[in-house]
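The block underneath contains the structure these notes are about, expressed in structure tokens.
These numbers were taken from a predicted model, which means no experiment stands behind them.
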Protein chains: 2
Amino acid sequence: MTTSHAPVNLARKLSQFDELWAQKKVADLNDYEVKLAKLKGEFVWHTHEDTDELFLVISGRLTIQLRDGDVTLEPGELFVVPRGVEHRPVADEETAILLLEPAGVLNTGDAGGPLTKAAEALH
Amino acid sequence: MTTSHAPVNLARKLSQFDELWAQKKVADLNDYEVKLAKLKGEFVWHTHEDTDELFLVISGRLTIQLRDGDVTLEPGELFVVPRGVEHRPVADEETAILLLEPAGVLNTGDAGGPLTKAAEALH
């Protein structure tokens, strides 16, 4: 088997795109995807019925609104939104995050709508 | 459902232990575990036959030796060792990493031996 020997540099990968709310895949882990995203503003309320979702803030500041209260993440902080829990990401300033969840999970979960985008690989 | 609203602060969690080569679980993601570890020195060559393994360096510098070459990770860099690929982590200085893999994976994989430790939850 040929193994890639190139580490994934998160800052370098983040410099390769500007699009907000798009999920860019940087690595596969079994049937999971490691993705990066840049967020600013308010997303839509949505739920992933079948999976937990991990958010790790790299820069900026992310509030994950939940129906029973908010979670605010600074750089170097992570939070797992449990499956079935409705949530809405909100970022007052541009915020870079690492996301981890099974491959194929859509960003808007059950909500759909115009912000729905499949993840794209970032090379 | 009651949802925890506490983010996981990686630096704070790392300040809670000193033990080297021990894996400390800080979050669950479905049937995966997010773990932290502090490394210094040379680990053992080993393989995880059934799973990929993600390494993200938080501080320090990690070399992942593979039989066909080394991968060196600086802070903010990640690498996924594919399943079935023999590897050995080596850190010349004390290095803090985030690890991600399915629950129950042992640190020494197929190699076993005295360095084998199950992950422990860090509260």
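Between A/L78 and B/L10 there is a side-chain heavy-atom pair separated by less than 4.5 Å. B/E74 places none of its side-chain heavy atoms less than 4.5 Å from the side chain of A/N9. Side-chain atoms of B/Y32 and A/L29, non-hydrogen and from C-beta on, do get closer than 4.5 Å to each other.
Minimum interatomic distance between A/P7 and B/L73 (heavy atoms only, all atoms of both residues): CB-CD2, 3.1 Å.
Considering only heavy-atom pairs separated by less than 4.5 Å from chain B, the leading option among A/L54, A/T51, A/L56 is A/T51. Ranked by non-hydrogen atom pairs under 4.5 Å with chain A, the options B/V57, B/V71, B/N30 are led by B/N30. The candidate from B/G69, B/A11, B/G84, B/A27 with the greatest count of non-hydrogen atom pairs under 4.5 Å with chain A is B/G69.
Neither the backbone nor the side chain of B/F55 comes within contact range of chain A; no heavy atom of the residue lies under 4.5 Å from a heavy atom of that chain. For a residue to count as touching a neighbouring chain, one of its non-hydrogen atoms must lie under 4.5 Å from one of that chain's; by this rule B/I58 does not touch chain A. Using a 4.5 Å cut-off between heavy atoms, A/V34 touches chain B through its side chain atoms alone.
Residues A/V44 and A/L62 fall within the same hydrophobic cluster, defined by Ile, Leu, Val, Met, Phe, Trp and Tyr side chains chained together at heavy-atom separations under 4.5 Å. Both A/V81 and A/W21 belong to a single network of hydrophobic side chains, linked directly or stepwise wherever heavy atoms of I, L, V, M, F, W or Y lie under 4.5 Å apart. When hydrophobic clusters are built by joining Ile, Leu, Val, Met, Phe, Trp and Tyr residues whose side-chain heavy atoms come closer than 4.5 Å, directly or via intermediates, B/L20 is not grouped with B/V90.
Residues passing the salt bridge (charged side-chain N to carboxylate O under 4.0 Å, His left out) test with B/R12: none are found, sequence neighbours excluded. Residues that satisfy the salt bridge (charged side-chain N to carboxylate O under 4.0 Å, His left out) test with A/K40, not counting sequence neighbours, are absent from this structure. With sequence neighbours excluded, no residue satisfies salt bridge (charged side-chain N to carboxylate O under 4.0 Å, His left out) with A/K13.
For CZ of B/R61, the number of neighbouring non-hydrogen atoms (other residues, nucleotides, ligands) closer than 6.0 Å is 12 at most. No more than 12 heavy atoms of other residues, nucleotides or ligands shown are found within 6.0 angstrom of CG on B/D92. Heavy-atom neighbours of B/D70 CG from other residues, nucleotides or ligands within 6.0 Å: above the threshold of 12. With a 6.0 Å radius and a threshold of 12 heavy atoms from other residues, nucleotides or ligands, B/D31 has its CG atom above the threshold.
Near-neighbour residues of residues 94-115 of chain B relative to chain A, defined by a heavy atom under 4.5 Å from a heavy atom of that chain, comprise B/L98, B/L100, B/P102.
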